[in-house]
Amino acid sequence: MQRQAVQTTQGPVMVLAGAGSGKTRVITYRTAYLIGKEKVAPHQILALTFTNKAANEMRQRVDELLHDGSSRGLWIGTFHSIFARLLRNYIHLIGYDGNFSIYDSDDSKSLIRQVMKELNIPVDSVPVNTVQGIISRAKNSFILPDQFHAQAADYNGQKAAQIYEVYARRLRENNALDFDDLLIKPIELFQEQPAVLEQLQNYFRYILIDEYQDTNRAQYLVAKSLAATHRNIFVVGDDAQSIYSWRGADITNILNFQDDYPEASVFKLVENYRSTQTILQAANGVIKRNRKQIKKELVSRQSSGEPLTLLESFNEKREAEKVGEYIRTWKLTKGYDYKDFAVFYRTNAQSRVLEDIFRMDRIPYRIFGSVSFYKRKEIKDAVAYLRFIRNDQDTESLLRIINFPPRKIGEVSISKLRDYAVMNNISVYEAVLRAEEAGFPARLRNALQGFVAVIEQLKGIAKEGSVYDVLSALYESTGITSLLQAENTPESMARYENLQELLSMAGDFSDHNDGTNGLEDFLNGISLATDYEEIQDSDNYVSLMTVHAAKGLEFPVVFITGLEERLFPLNYYESDELEEERRLFYVAVTRAQKKVFLSWAKSRYYYGQPQMCMKSMFIDEIDNSLLVTEGGGKPDVAGTQKQHLRHGSGMASVPASVSCSGENGELRSKDSGLKSGMRVHHAMFGAGIVLAVQGSGERQKVQIRFKNAGEKTLMVQYANLTIE
């Protein structure tokens, strides 16, 4: 099947390359075959990838196959690099100079801030990162300012539409493109200059696209335009591994390929060279439940292999301990090295407990695609507050937090404070307290008073309260978590989850430590953790990573942790989101070569409080014959209450309670019928999931995590919620 795909050189071709089926091999052999056998001039081949690493690897493999260097002139690179190269030659035709600047993310944010100032839109009403994200998503979908204005519905969208229009104009005035413009300006060029498009269509006779399921609307339109004349478009991908919709990927591009090219040849690579048949059967059994897919079933070249082992733990700490125990045992008894193990989780914040346990057990590890929990900026900022509350002589901590969150205390003001402290032989914080005596300007004094108020309030709480109380008050008084929620970008929400995990850590610590030195002991534990030296002189370590970071990798033994409703799958609001969560689980399972452990915890700290949890629906979607418990028996599913949930996917049979709930189990309201895990809709905030219900009657409140507005606590009688 690989050979047939490589040798079908004319017309549109789609290669559906299942996990571990040799995708990279096919696209590189195809390129070499065109040059070496079909005698196609290298410059007539355009190969598009998503990463420089993939492009370099492809070029290197093609060179190795051809031996004679005949690939010189081949156009191969990322979408952005190739389109930037084309625009240098042609952008003058649409009003830019060929020496245009390319703005990175920071440049883009700076310009957006300028535009917001010009439009009198305060940055605290719509965060700059939010605006940048909205504009980026619009560009990736090839929605220009005029169209976006007409579509903007909510407050953020309307403000972003105003900013987008002026931002686009300022970019042109600066003869600059942002990163997303590199994708949409070629489309504008083709629309305004059809002769250029015709020239490029004849120049690039063969177009190859890797990871086609990850293309966005703009990338799809450029590729379709370039391939329109010769129709020699060759795409490789796997709809079952489309997991990046949150950054613009559009799965319909691959699902509708045959609608765009009815004459297309389609090759399904289903022979997997990586995993055992049992692992593939489990993955197949889950992914087949998705409605939006191109049907295929992976088969293995290997033996059936071991069943998947289901790990059930009391809480997340015990879950991490079990993972560590299995790693040590399998290393000793089965001859594996640490590097043969990978531990996956759905959100970055989950790494904290695993890291803590691995350090205690002296298991070497590395975080893949991120940094260690305690080294993440938001964690270091929050910990600096705690350190300073305990010791206000700590100048380093003071300098880290004095302008976080922003208080308009700049470097010049900080320099004045330090100079005053040195001159009077006092600490910098004492200089802050003497701001009026020092004769600092009123604006600076006001900003410093706000900072002092926060610190002194937290000091007072620390004298009588727990670490959890102090951290909760810190989040409330500084608004740092609210700011991240308001920003509502994938990056800000990841930082928000990390801060909530720190709060959970504090809650767990406070629940189990009643000593008078609570804050000191808590900080000592963090200091010991940050002093841990990850192994630098060896490649023998356990890999820890999110499932998103795991795509494209493989390991002999894989642990998938946190398999609970509301965690994996993460909160889902529509059937499309649930289907993407299922694809993400499919990716996780198919990273394993020999063995998969599926792990869930009956309770887990959420937002500082212990919550009871329900097992993930994905576990129930695996054929029970493929699973064993830790003792080697079959999981007991007879006693599990189930109901059919209408997710639009036509298949979801899951436990009756589909979420983590309060410590006493499922939270229900006698009055409203609301319960945790229920999906609701609010006229202003949109779709959301109920996290908790408090009280009854007219005083009843409901805590909801909204898809676009973050978490809100509402009075039920005024909220006018619709149960979906």
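Keep in mind that this is a model prediction, so the values were computed, not measured.
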Colleague: Give a yes or no on whether a salt bridge exists between Arg582 and Glu579, defined as a side-chain N under 4.0 angstrom from a carboxylate O.
Modeller: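 Answer for the salt bridge query: no.
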Colleague: Could you grab the distance from atom OG1 of Thr561 to atom CG of Leu544, nearest 0.5 Å is fine?
Modeller: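 Thr561 OG1 to Leu544 CG: 9.0 Å, rounded to 0.5 Å.
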Colleague: Is it true that the NZ or CZ of Arg583 lies under 6.0 Å from the centre of Tyr586's six-membered ring and within 45 degrees of the ring axis?
Modeller: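 Because its charged atom misses either the 6.0 Å distance or the 45° angle limit, Arg583 does not stack over Tyr586.
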Colleague: Could you walk me through whether Tyr338 and Tyr365 pass the ring-ring contact (aromatic ring centres under 6.0 Å, His included) check?
Modeller: CA-CA 8 Å; Tyr338 287 123; Tyr365 72 87; over 10 Å; no
Colleague: Step by step, work out the side chain to side chain donor-acceptor pair (under 3.5 Å) result for Lys602 and Asn315.
Modeller: CA-CA 6 Å; Lys602 291 182 177 180; Asn315 59 22; over 6 Å; no
Colleague: Assess whether a salt bridge exists between Glu319 and Arg604, defined as any Lys/Arg side-chain N lying under 4.0 Å from an Asp/Glu carboxylate O.
Modeller: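 Salt bridge present between Glu319 and Arg604.
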Colleague: For the CG atom of Leu417 and the OG1 atom of Thr395, what is their distance to the nearest 0.5 Å?
Modeller: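 One finds 11.0 Å between CG of Leu417 and OG1 of Thr395.
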Colleague: Just checking, any donor-acceptor pair under 3.5 angstrom between side chains of Asp180 and Ser136?
Modeller: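 Their side chains do contain a donor-acceptor pair, which is all the 3.5 Å distance test asks for.
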Colleague: Verify the ring-centre separation between Phe559 and Phe597: is it less than 6.0 angstrom?
Modeller: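 Ring centroids of Phe597 and Phe559 are less than 6.0 Å from each other.
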Colleague: Below 4.0 angstrom, N of the basic side chain to O of the carboxylate: do Glu325 and Lys322 qualify?
Modeller: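 The answer is no: the pair does not qualify as a salt bridge.
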Colleague: Can you establish whether the number of heavy atoms outside Glu476 located under 6.0 Å from its atom CD is more than 12?
Modeller: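 Counting neighbours around CD of Glu476, 12 or fewer heavy atoms of other residues, nucleotides or ligands fall under 6.0 Å, so no.
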Colleague: Is the charged tip of Arg346 near the ring of Phe585: under 6.0 Å from the six-membered ring centre and within 45° of its axis?
Modeller: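 The answer is no; the distance or angle limit is not met.
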Colleague: For Glu580 and Ser245, test the side chains for any donor-to-acceptor distance below 3.5 angstrom and give the result as yes or no.
Modeller: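 Yes, because at least one side-chain N or O of Glu580 sits under 3.5 Å from a partner of the opposite role on Ser245.
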Colleague: If the threshold is 4.0 Å, N to carboxylate O, is there a salt bridge linking Lys139 and Asp178?
Modeller: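 Yes, Lys139 and Asp178 are salt-bridged.
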Colleague: Working to the nearest 0.5 Å, report the span between CG of Leu503 and CG of Asp508.
Modeller: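 Reported to 0.5 Å precision, the distance equals 11.5 Å.
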Colleague: Does the side chain of Gln611 pick up a donor-acceptor pair with the side chain of Tyr605 at under 3.5 Å?
Modeller: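 Side chains of Gln611 and Tyr605: no pair found under 3.5 Å.
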Colleague: Taking atom types as modelled, is there a side-chain donor on Ser351 or Arg376 under 3.5 Å from an acceptor on the other?
Modeller: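 On atom types as modelled, these side chains qualify, holding a pair under 3.5 Å.
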Colleague: CG/Leu519 to NZ/Lys463 distance, rounded to the nearest 0.5 angstrom?
Modeller: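 Rounded to the nearest 0.5 Å, the CG-NZ separation comes to 13.0 Å.
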Colleague: Can you confirm whether the side chains of Tyr468 and Gln609 place a donor and an acceptor under 3.5 Å from each other?
Modeller: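 Yes.
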Colleague: Say whether, by atom type as modelled, one donor and one acceptor occur between the side chain of Asn156 and the main chain of Thr130 under 3.5 angstrom.
Modeller: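 Between the backbone of Thr130 and the side chain of Asn156 there is no qualifying donor-acceptor contact (under 3.5 Å).
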Colleague: I would like to know whether Tyr374 and Arg352 meet side chain to side chain donor-acceptor pair (under 3.5 Å); could you show each step before the answer?
Modeller: CA-CA 8 Å; Tyr374 298 107; Arg352 196 270 305 173; 4.6 Å; no
Colleague: Just by distance, no angles: are the side chains of Ser108 and Ser105 close enough, under 3.5 Å, to form a donor-acceptor pair?
Modeller: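 No, because no side-chain N or O of Ser108 sits under 3.5 Å from a partner of the opposite role on Ser105.
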Colleague: Using the side chain to side chain donor-acceptor pair (under 3.5 Å) rule, take Ser372 and Glu355 through it: C-alpha gap first, then chi angles, then the decisive distance, then the call.
Modeller: CA-CA 8 Å; Ser372 181; Glu355 290 184 67; 2.3 Å; yes
Colleague: Measure the spacing between CD of Glu316 and OH of Tyr606 and express it to the nearest 0.5 Å.
Modeller: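 It comes to 8.5 Å.
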Colleague: Under a 4.0 Å threshold between the charged nitrogen and the carboxylate oxygen, would Lys459 count as salt-bridged to Asp392?
Modeller: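 A salt bridge is present here (some side-chain N lies under 4.0 Å from a carboxylate O).
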Colleague: Once you measure the plane-to-plane angle for Tyr385 and Phe451, does it fall in the parallel (<30°), tilted (30-60°) or perpendicular (>60°) bin?
Modeller: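 Answer is tilted, since the angle falls between 30° and 60°.
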Colleague: If you apply the rule salt bridge (Lys or Arg N to Asp or Glu O under 4.0 Å), what do you find for Glu312 with Lys615, and how did you get there?
Modeller: CA-CA 9 Å; Glu312 182 180 292; Lys615 181 175 60 177; over 6 Å; no
Colleague: Working to the nearest 0.5 angstrom, can you tell me the gap between Leu523 CG and Arg387 CZ?
Modeller: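 The distance works out to 6.0 Å.
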Colleague: To check you understand the geometry: which heavy-atom pair defines the closest contact between Val470 and Ala462, and what is its length?
Modeller: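 The answer is CG2-CA, 3.6 Å.
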Colleague: Would you say the side-chain atoms of Asp469 pair up with the backbone N or O of Ser466, donor to acceptor, closer than 3.5 Å?
Modeller: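 Yes, Asp469 side chain to Ser466 backbone: donor-acceptor pair under 3.5 Å.
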Colleague: Can you check whether Phe358's main-chain N or O pairs, donor with acceptor, with Arg362's side chain at less than 3.5 Å?
Modeller: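 Checked: no pair found.
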Colleague: So, do Phe522 and Phe509 have ring centers that fall under 6.0 Å from each other?
Modeller: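 They qualify: ring centres under 6.0 Å apart.
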Colleague: Could you check whether Lys377 makes a cation-pi contact with Phe404, meaning its NZ or CZ is under 6.0 Å from the centre of the six-membered ring and within 45° of the ring axis?
Modeller: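 Yes.
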Colleague: State whether a side-chain donor-acceptor pair under 3.5 Å links Gln350 with Thr347.
Modeller: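 Present: a donor and an acceptor within the cut-off.
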Colleague: Could you check whether atom NZ of Lys109 has more than 12 heavy atoms from other residues, nucleotides or ligands sitting under 6.0 Å from it?
Modeller: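 Correct, the count exceeds 12.
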